[in-house]
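Report on one structure; see the data block that follows.
Values in this document were obtained by computation on a predicted structure and should not be read as measured data. Chain letters run A, B, ... following the sequence lines, proteins first, then strands; residues in each count from 1.
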Amino acid sequence: MNFIIGAFKPACNVSITFSDGKSRKQVSLKNENGQTVTVPLFHNQETIAGKISVEPVSGKKVEHNGIKVELLGQIEMYFDRGNFYDFTSLVRELDVPGEIYERKTYPFEFSSVEMPYETYNGANVRLRYVLKVTISRGYAGSVVEHQDFVVRNYTPPPSINNSIKMEVGIEDCLHIEFEYNKGKYHLKDVIVGKIYFLLVRIKLKNMDLEIRRRESTGSGANTHVETETLAKFELMDGAPVRGESIPIRLFLSPYELTPTYRNINNKFSVKYYLNLVLVDEEDRRYFKQQEITMYRLQETS
Amino acid sequence: MMISNGIEDEEKWLAEGIAGIQHNAFYLHRALDSNNLREALKYSALLLSELRTSRLSPHKYYELYMRAFDELRRLEMFFKDENRHGCSVVDLYELVQHAGNILPRLYLLCTVGSVYIKSKEAPAKDVLKDLVEMCRGVQHPIRGLFLRSYLAQISRDELPDIASEYEGEGDTFMDAVEFVLQNFAEMNKLWVRMQHQGPLREREKLDKERNELRDLVGKNLHVLSQIEGVDLEIYRDTVLPRVLEQVVNCKDELAQYYLMDCIIQVFPDEYHLQTLETLLGACPQLQSAVDIKTVLSRLMERLSNYAASSPEVLPEFLQVEAFTKLSNAIGKVIEAQVDMPIVGAITLYVSLLTFTLHVHPDRLDYVDQVLGACVKKLSGKAKLEDSRVTKQVVALLSAPLDKYNDIVTALTLSNYPRVMDHLDAATNKVMAMVIIQSIMKNNTCVSTSDKVEVLFELIKGLIKDIEGTSTDELDEEDFKEEQNSVARLMHMLYNDDPEEMLKIINTVWKHIMAGGPKRLPFTVPPLVFSALKLVRRLQVQDGDVAGEEVPATPKKIFQLLNQIIEALSVVPSPELALRLYLQCAEAANDCDLEPVAYEFFTQAFVLYEEEVADSKAQVTAIHLIIGTLQRMNVFGIENRDTLTHKATGYSAKLLKKPDQCRAVYACSHLFWVDDQDGTKDGERVLLCLKRSLRIANAAQQMVNVTRGSSGPVTLFVEILNKYLYFFEKGSPQITGAAIQGLIDLIKTEMQSDSTTSNPASDAFFASTLRYIRFQKQKGGAMGEKYDPIKL
């Protein structure tokens, strides 16, 4: 990367400000150094506008071959480090080659930008949006400044949202019927349901409901799958008998979930599963995994 | 070792749990002090996590629970004050549900739930319903029971009962009822399930632990009974059927027993009375091992007490036909529980009997019905051997006696003797004693022969040997006491009507005849005297007895008596028979029945001759005969002569000389009856006295020969007294000279060296002389008569 400017004294300071920076909602984002920074939040089709100011350091002049600002949507695979894949790339030329003697401000605007994908920080993949200002300078090395921002997209509630209902079991051992009230949940939703025990011949100890995230990256032979358990929620303590019905009520808000991403730009997918785990007294686990679709609902407040 | 280790381990685990709670409580308090909601939730969840242990017995778990409970109260105070945490109760209700572990989550939810209801931001019923529903997540019996009991505890003040502030706006007490019922059902299920936890060999321990937890379940019923809105109608239509459904369906004996008992104890009596059918209907459906008899007994006991509490409630009992229902239910239970030991069934009948005696004292038919059912149950069975059973049967049979204080009532119960038939011999006797004691205590007069018949049928265990029982093992003293009781009983059989009385005597005789040689000596005398009493009574109303066909004439009675005593003489108990003959003879004398009296005397003499062998007994007998004979005035000269002759003859044939002497001088009285028209044969009196004097002399000589010294002069002094008696009575043959001679003789004897002095006889003689002196000094006719005698 050409961001190794720490070694050289930069020839000038570049700052990027958004025109509605004061009023725009800020969210926190983990950058690549693991630090949490606060960045503005945008949605698809929004106009991204602002100003970029370039200020030479203490009276020095800055010669350049032109200044441009790019809006980049990048997908970064960790196992393929260093390789960004830009799925969006917009450029605005800010200045023709010349010299800058004093602070100079350039307005910019990307109107109604297509940002179909959400910012995502996963285990093996990262999707980021960034504004990149480049002051090209022949041999002296270009000055580059980045400004991250976050994109989130709301989805309207699905018109069809069937419950998940299923009977599973091990023959002559354990038969249960479970039901989750929906198949699609928004991020602050509540999973309501119940587990009905049709047959219990094993001594159960407890039962948990797990929320698992399955992130798959790459394609074909290079597919990497990473699964994380985001929530482990105890539903039942002790051994039920036949005919018991155990309620489920799981609030999703405490967990850091994202919407389900299906095949983002042919690069990666993120899916969510509810995993019902029954543990018997010998610590054997019996489980049944069900995919649920997560979506982001427009927040009303 | 295993066990002690187990206990030590448990102590350790408890200590660890407590330490864990204290540790987290410290941080919790700090969070509460600084109004930090997030920290408070975190530490309270950690604190409650200590309750997730499976290693403690219910007892120890309770200790842990109580500590957590105290902390939850603080937390609840904090939750109540929105200013302190700045979170609306609705949000709080969600927030606590974020906890990952179910047990802490639900404890917190219940705690917030209680605050939620108090805030009235949501209908109480919705919150309660949600809580009771969510608690299903804890299926572990002990943890679940404690959690639900926590729920019950904190919700108690917030039930939307009638007149409670949480009632109204769609919340009715029915919601409260519904809530408690549901919680109860779930707790019961958990409780029942406990028995399936753990290995079979720890069954006993498990049962013990379950027992420790039962009140947690029963508490719900108590809460139900406290809900104002539960009136009879609600109880009948909703509460009771639902509770019973739970009880029946759980199919667990421990639970069924406890809960049935709980229902009975917790709800008011009038409810029970009005819902008897439902309540009793559940009984046959219970597990066969359930101690249903205790349950029903308690119910009946309660109802009995209720009936006793005020007479106004009695019509209610009649209205609902309590007895019939109870009786039917008991029948069904006994039918349904094939394995029920007989003692159980009898215990049930005892309770039912007690109930009916309390509630329907006037309905003897009920009592008989109960006894009849009992007979039915016992029929086909061998005699009862089990002491517990017999004890219950005795209780069953004693109950009506105690209640009515009147055996006559019991005698009208047709099934009474049939129940007694099932007792073994020993118990039968005990029961018979109870009956007799009851009669004695209450001074009950049994007045008809029919009743006597029944009564003797009842106490036949005492009257005769029961087949198949050995008499060897009888305790002599017990036997005597029993027979004495029977004897006493006979005096309670009485009727003013002679005819009926005779029948009674006949009936008694018929029964006691079978008593065998050991019993007759006890039973015959009272019967004889009872008959003699009747004779005397007839004699008084002699004038009235004119009709030809009067059955109860003295003659007939005497015939009967003859038979009776004869039975005794062959027993053999001759001395007793002899005495009774003499008694009869005397009675016959009073009735002016010479032949009868003669016959009795004959019998007495025959007995004397043939059966009385013992010399001492002979002495006694002969004195009795003489005494009786002396009083007889019915005999003609010939008969009298025969009898007196016999008596004197026997007297002279006694073995010992002194006895002979005494008998003979006693015979002198036979010839001198100091009545207006009595025999006064001075000649033969003198003969007797002289003869006795001879015998006395002979006796004295015999003593001299055998011992070398003369015996005391007692006999002489005694004869002297007889002389004096007849002298005073004016017998011409007894002269002062004869007396003088006798006195001199005695004096000589006393001064003789060979005579051993005896202070008693000396004193006797001295007082006799003093008497003579006194008579002399008194003067008058008697003084003159005595005058010639010189002392």
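A pairwise comparison of heavy atoms in Gly137(B) and Pro247(A) identifies N-CD, 4.1 Å as the closest pair. The nearest pair of heavy atoms linking Tyr255(A) to His98(B) is OH-O, 4.3 Å. Here the shortest heavy-atom pairing between Glu234(A) and Asn101(B) reads OE1-OD1, 3.1 Å. For the pair Ser245(A) and Arg136(B), the tightest heavy-atom approach, listed with the atom from each and the gap, is O-CD, 3.1 Å.
Put simply, the side chain of Lys205(A) does not reach to within 4.5 Å of the side chain of Ser54(B), judged on heavy atoms. Put simply, the side chain of Glu94(B) does not reach to within 4.5 Å of the side chain of Arg249(A), judged on heavy atoms.
No other option in Ile246(A), Val241(A), Asn206(A) has as many heavy-atom pairs under 4.5 Å with chain B as Val241(A). Interface summary for chain B: among Ser253(A), Ala231(A), Pro240(A), the most heavy-atom pairs under 4.5 angstrom belong to Pro240(A). By number of non-hydrogen pairs under 4.5 angstrom with chain A, the leading residue of Asp130(B), Leu190(B), Leu106(B), Ile142(B) is Asp130(B).
Looking only at distances, no side-chain donor or acceptor of Arg52(B) sits under 3.5 Å from a matching main-chain atom of Asp237(A). With hydrogens and angles disregarded, no donor-acceptor distance shorter than 3.5 Å links the side chain of Arg105(B) to the backbone of Phe233(A).
Atom NE2 of His43(A) is surrounded by more than 12 heavy atoms from other residues, nucleotides or ligands within 6.0 Å. Atom OH of Tyr62(B) is surrounded by 12 or fewer heavy atoms from other residues, nucleotides or ligands within 6.0 Å. Counting heavy-atom neighbours within 6.0 Å of Lys182(A) NZ, excluding the residue itself, gives a total above 12.
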